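Note that ligands are numbered from 1 as they come in the structure, with each ligand's atoms numbered from 1 the same way. Note that the coordinates shown come from a computational prediction; the quantities given were computed from them, not determined experimentally.
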Amino acid sequence: MPELPEVEALALDLKGRLDGHAIARIHVAQFSALKTFDPPLSALEGTLVDDVTRHGKFLDIDASGTHLVLHLARAGWVRWRDEVPTIPPKPSTKSTLALRVVLDDQSGLDVTEAGTRKSLAAYVVRDAHDVPGIASLGPDPLTDDFTVDVLKAILQKEGGKQLKGVLRHQGTIAGIGNAYSDEILHAARMSPFKPAGHLTDDEVQVLYDALRTTLGDAVERSRGLAASELKGEKKSNLAVHGRTGEKCPVCGDTVREVSFADSSLQYCPTCQTGGKPLADRRMSKLLK
Ligand SMILES: [Zn+2]
């Protein structure tokens, strides 16, 4: 799933490609992806693209005041095409193509979604904040006003909730998902199950530094890469996320996995939990 650094890089890449172009046509191939009906999709046709930005994990294409907002979800992606076919795509639930944007010079982009769980979402709105998921976003962790005190206040408010859940909850902090929350906690050498409100001031500072460095470095590495290069870039730089059974690059211990909420998380016992493997809480609940 693309998270803050990838969506930031996607926005930059697309800004360079779309800026100054007009949107000629938009074709929807997966009707379930389009979440709005007013303004209609046709309101974007014939408009000039002014800007492409990011809100949390949402991509926002501003076309003369009408916004096409995309949430790529788990398996969504954007693929640039120097030339799109002149024949409109046929709507099909089997195709990975969800939406095609055709520009005035017949270049364009395909918004795709792999897999069967269709959760990609597209919105046409007059203001990005008309998208409920954007209106409810917490602060962006890479802005100047996201200070260590802001993080401290967030953690105290979340109290007994586990760090892993707090970091990736979009209404609390915007843009961090399953992968970067694992990476941030590994960099901070903290257990994903540590209660947010129990951190000392020093620990808050450590977590803050890990958060800014992990996300900042990922944005730095991703900047200037084309959409097609971003996924590989992300994967090759993850220390623990998605690396169950591999060696921790810091200490050499084996990266472990435990289920968390609707998925699983990865961590290093030596770096993060005093060498002790975490119990699978869903499993232990069942056994009780
Ligand atoms: Zn380690």
Side-chain angles (χ1 to χ4, degrees), residues 1-6 8-9 57 74 141-142 146 148 151-152 154-155 158-170 172-173 175-223 225 229-285:
M1 175 192 231
E3 299 178 28
L4 186 157
E6 294 80 48
E8 174 92 12
K57 294 188 269 190
R74 280 173 194 275
L142 285 186
F146 190 88
V148 67
L151 179 63
K152 187 179 170 185
I154 287 171
L155 296 174
E158 296 302 312
K161 290 188 196 157
Q162 295 161 339
L163 282 178
K164 169 75 182 176
V166 171
L167 286 178
R168 67 168 211 177
H169 183 251
Q170 301 306 298
T172 309
I173 302 171
I176 301 170
N178 203 20
Y180 287 103
S181 53
D182 280 353
E183 294 299 300
I184 290 165
L185 289 166
H186 178 255
R189 304 177 70 88
M190 286 177 194
S191 166
F193 292 159
K194 195 175 172 77
H198 291 196
L199 268 62
T200 64
D201 284 356
D202 285 350
E203 287 172 326
V204 173
Q205 183 70 52
V206 168
L207 183 62
Y208 178 81
D209 292 342
L211 186 156
R212 296 277 279 207
T213 307
T214 302
L215 294 177
D217 287 356
V219 166
E220 214 46 59
R221 286 193 306 265
S222 307
R223 194 166 284 165
L225 292 184
E229 302 166 304
L230 285 169
K231 277 194 221 176
E233 204 293 323
K234 175 182 180 182
K235 207 163 177 229
S236 61
N237 281 288
L238 297 173
V240 288
H241 183 76
R243 299 203 180 276
T244 308
E246 294 179 34
K247 271 190 172 33
C248 166
V250 173
C251 73
D253 193 3
T254 305
V255 173
R256 289 184 186 250
E257 173 176 306
V258 67
S259 60
F260 181 83
D262 57 344
S263 55
S264 56
L265 64 81
Q266 283 87 40
Y267 68 101
C268 168
T270 297
C271 289
Q272 294 175 259
T273 57
K276 274 190 292 186
L278 293 167
D280 189 323
R281 304 203 169 186
R282 286 195 306 199
M283 191 61 83
S284 33
K285 226 178 249 173

**Report entry** the Zn ion (ligand 1): protein N, O or S atoms that are less than 2.8 Å away, sorted by chain
**Finding:** C248 SG, C251 SG, C268 SG, C271 SG
Query raised in the report: Quick one: are Y180 and L215 in side-chain contact, heavy atoms under 4.5 Å?
Result: yes
**Report entry** Between CG on residue D217 and CG on residue N237, distance to nearest 0.5 Å
**Finding:** 9.0 Å
Report, one line per pair, each donor and acceptor closer than 3.5 Å where one atom sits in a side chain of residues 188-197; sequence neighbours left out.
{"unit_1": "S191", "atom_1": "OG", "unit_2": "F193", "atom_2": "N", "d": "3.1"}
{"unit_1": "K194", "atom_1": "NZ", "unit_2": "E203", "atom_2": "OE2", "d": "3.4"}

Query - Partner residues of K231 under the side-chain contact (heavy atoms from CB on, under 4.5 Å) criterion, sequence neighbours left out - result: W77
Query raised in the report: Do D201 and Q205 have a side chain donor and acceptor closer than 3.5 Å?
Result: no
Query - Pair listing, salt bridge (Lys or Arg N to Asp or Glu O under 4.0 Å) test, anchored in residues 244-258, at least two apart - result: R243-E246
